[in-house]
Amino acid sequence: MAKYSKRELERAKFVKEQKLYASGGYKKAAFLTRTLNDYENHLYAYLIDLSICLLPVYAWGVEFILILSGVIPPAYFDLLFYIMYTLLFITSCILLPLYTASKGGYTWGGKMMGLRLVDKTTRRPASVMRLVMRELLGIGVPMMLFGYFFSVFGILLWWAINGLCVVLSPRQETIFDYIFGLVCVYVPRYNMVMVDGKDKDASQTEENVRPAQASQSAMTERAPRQAIQRSASSGSAAVSAANQTASGASRINTDRTSAPGNPAQQPAANTYPGQSAAQTAARAHAAAASAASSAAYAASQAANDLSAYPVQDIDLHIRSNFSDDANAEVEDIFRLARDKHMRIISITDHNCARANSQAVRFARLYDIEYIPGVEIDCQLYGERVRILGYYIDWNNPFFDEIERLSLRREKDVSLERLQAFEKATGLQIDSDALLSNNRFKLLRPRELTDLVFDDPDARNLASVQTYLMSARNEEQARDAFMRDYFGPGGICEVKVQYPNARKVIEAIHEANGIAVLAGWHIREMDTTLLAALIDAGLDGVEAFTPANDKATSTYLLEVAASEKLCVTAGSDYHGTIRPDRALGVTTMPQRAHSLVEKFTRAAAKPKPY
C-alpha cells in the first residue's frame, strides 16, 4: 500500500465526507434543539472561533504589558495598536469567512464540535457567498465596528443581542442565520478505512466496490453504527450468521436444515461440454450455495402461510401490467382494493412509473388514497438490490430514462442468454416465435427452462433426464435445471449491470420522493451493503412482505428504530401470474400497523394532480 502523510489522509477523509453528505448524508443531519448539551456545543464552537479571531488582541495585550514594564518604548504604542487592528481585521473578516466557505460550512469551532452551517430548508450544503456573508457580517464586521466606535461595551452588547436570538430560536439560529437562511446542524460521522487496490475494474466507480474485500481501491465508509449487526431472534425462527459470502461477510438468513429433496442435493456437480474440472467445481459450489438459499426461502414461504394473515387496509407494493412480470390492469387493482375495503395503496411497477398517471385518476374514482410509486433495479458493490420510490414526481425525466435503459438492457441480456443456452444444450430455438407473443421482448431463465421441459424431444436429452430422474417431482427438476444453467456460476449465466444504487436514491430524492429498500432478497443481504445503502440516504425499509420471515421483519424493525428509518409493508401483488401473492396480504401484524400508517399520512393531504 502506498504511504500517505497524515495531512493527505485527512484531506481524503474530508473530501469523502463531503461527497457522502451531498449524496444523501444531509438527510441524517440533525438540527440543534433547546437542550443543555446542544447549547454547550454551540457555545464552545463559537468561543473557539472567537478565540482564534481575537488572537491579535491577545498579542496586543502582551505588548501593552511590555510597554508598561518599559521593555517596549511608549512611542510604539499607536503603531502596535494599528498593527493589532489590522491583524484583527484579517482574522475575523478574511480568514474566518474564507475558511468557513472552503470547508463547506465548517468553522474552526464547528469542525471540532461536529457542527456545520447548511441551508435551513434542505440541510444541503449552502452556497459560498452565503457562508462568507454570514461570517463576515455576523462576526467580523460587528466586532470591528462596535469595537472601534463603542469599545468593549459595544462588542459585549452585540454578543448579548445575538446570544439572546440564539437562545430564543428553536434551532439556535443567530440574527444573520435568519437573514441568509442558514442553520447549524450535527453532521453524520463516518468511520474511514484506507485499503489497497490495484485490480479495480475501469468501468466501476468506488461505490461499486465492496469495502469488505481486500482488493478494493479508494477510501470507503464503514457502517457508522453498530446497529447494523444481526443479534436478535423472534419466535421459533432464530437468526443465523452461518451463511457466509466468499469474502467472509455475514448475511441475513434464518437457520436452515437440509431436508429430503433439498435442491442442494440435485445434480449440481454434472459436467458440461467445454468446462474444465475447476470450472465445474466452481459452478457446483455456486449452485449449491444458491440451492441452499432457495431452500431456505422456500422453507420460510412454507412457514409464512399467507392464509393465516388478514387483508390489511394498506398495501404499498403492487405491480400492474406496466411491469414485465405482472398482468393486473390498473383499474382492476383499484376495483379489487375497494372490494377488499382497503384504504391506501401504491403501485410500484418494475422500472416503470407510467401507471401512476392512471392510478391518480382511479384513486379519486374509487375513493382510495394513493401514493405514487416505482420499484427500480440497481446495484451497489456488485450486488443487485431493488429500491422503492414513494411520493415521487413520476413526470421526472429520470423515470423515463430508467424505463428506456431497463428495456434495452433486458432485451440485450435475453439474446445473450439465448445464445449461451443454444451453445450449451445444442438446441436450436426459434427466438422470433418466442418473442412474437412477448410484450416486452424478454426471454427469462424460467421461459427457456419451460421450453426445454415442455418439448418432448428436449426432455429425452440425457442432461434433462438426469434432472427428471434425480428430483422428487417435475417442479424441483425444473428449478434445479434453471439454477444450474442460469443461476450464479451456471454455464448460461449472464452478468447484468444495473444503475448505481446511490444515484438511484439521489434521483428519487430529486423527484421529491422517499427511497425505501424493497424486501426482495433482503434476507440474504450483506450487512455491509445494508449499512452503505443507509449511508447513501436510504429513507426506509420494507419490513413486512411475504418474502420476509418473522426474524427478518424483527431485524429490519430494529434497524429502522436505530437508524430512524421509515417502515413500509407490501403484498408484492402481481395479478394472476403469482397466485402466491394476494392484494392486501402484507404479513404485517396489527401491532405494527401504526408504524406503517405514519409513512402514509402524507397520502391524505391534498394532491397537486
Side-chain angles (χ1 to χ4, degrees), residues 14 17-18 20-54 88 91-147 150 152-189 509 512 537 539 564:
F14 176 76
E17 286 179 340
Q18 292 286 82
L20 291 172
Y21 186 90
S23 66
Y26 64 90
K27 301 201 56 91
K28 296 184 181 180
F31 293 110
L32 296 177
T33 58
R34 290 174 173 171
T35 62
L36 180 60
N37 184 65
D38 286 355
Y39 281 126
E40 289 177 347
N41 291 337
H42 199 182
L43 178 62
Y44 292 155
Y46 183 79
L47 291 178
I48 292 170
D49 293 335
L50 197 60
S51 297
I52 296 176
C53 289
L54 292 177
L88 180 62
T91 56
S92 61
C93 295
I94 298 178
L95 291 183
L96 178 60
L98 291 182
Y99 179 91
T100 304
S102 67
K103 296 300 182 180
Y106 287 104
T107 64
W108 293 308
K111 186 72 174 175
M112 298 181 66
M113 303 306 299
L115 297 175
R116 181 177 183 178
L117 286 166
V118 298
D119 182 86
K120 178 180 179 179
T121 305
T122 65
R123 288 177 288 178
R124 292 178 179 267
S127 66
V128 170
M129 184 57 67
R130 289 160 67 192
L131 293 172
V132 168
M133 295 303 294
R134 189 264 190 189
E135 295 302 301
L136 180 63
L137 300 180
I139 296 181
V141 171
M143 190 183 302
M144 300 295 296
L145 293 180
F146 283 94
F150 304 102
V152 176
F153 176 78
I155 296 177
L156 293 176
L157 179 62
W158 166 251
W159 288 345
I161 295 173
N162 209 31
L164 184 61
C165 180
V166 170
V167 171
L168 294 178
S169 64
R171 295 176 178 172
Q172 300 191 31
E173 297 157 272
T174 66
I175 294 174
F176 283 96
D177 285 337
Y178 279 108
I179 294 175
F180 294 109
L182 300 173
V183 68
C184 270
V185 296
Y186 289 109
V187 296
R189 294 296 182 94
H509 291 161
N512 301 318
D539 302 302
K564 305 297 188 294

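Looking at Ser169 and Tyr178, their side chains come closer than 4.5 Å, going by heavy atoms from C-beta outward. Phe176 places a side-chain heavy atom less than 4.5 Å from the side chain of Ile179. Under the 4.5 Å side-chain criterion, counting only non-hydrogen atoms from C-beta, Leu50 is in contact with Met143. Two residues are said to be in side-chain contact when any heavy atoms from C-beta on lie closer than 4.5 Å; Ile139 and Leu96 meet this criterion. Between Tyr44 and Glu40, the closest side-chain pair of non-hydrogen atoms falls below 4.5 Å. Annotation: side chain of Tyr46 is not in contact with side chain of Met113 (no heavy-atom distance under 4.5 Å). A heavy-atom distance below 4.5 Å is found between the side chains of Leu95 and Trp108. Put simply, the side chain of Phe31 does not reach to within 4.5 Å of the side chain of Glu173, judged on heavy atoms.
Under a cutoff of 6.0 Å and an axis angle of 45°, Arg116 and Tyr21 form a cation-pi pair.
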message = Leu182 vs Lys120, test: side chain to side chain contact (heavy atoms under 4.5 Å, CB included). Steps then yes/no.
response = CA-CA 5 Å; Leu182 300 173; Lys120 178 180 179 179; 5.8 Å; no
**Report entry** Worked check of side chain to side chain contact (heavy atoms under 4.5 Å, CB included) between Thr174 and Cys165
**Finding:** CA-CA 6 Å; Thr174 66; Cys165 180; 5.6 Å; no
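Using modelled atom types, one finds a donor on one side chain and an acceptor on the other under 3.5 Å when comparing Thr33 with Asp38.
When the shell of 6.0 Å around OH of Tyr99 is examined, it contains more than 12 heavy atoms from other residues, nucleotides or ligands.
Between Leu88 and Cys53, the shortest heavy-atom contact is CD1-O, 3.2 Å. Minimum interatomic distance between Cys93 and Met144 (heavy atoms only, all atoms of both residues): SG-CG, 3.8 Å.
With salt bridges taken as basic N to acidic carboxylate O contacts below 4.0 Å, none links Asp177 and Arg171.
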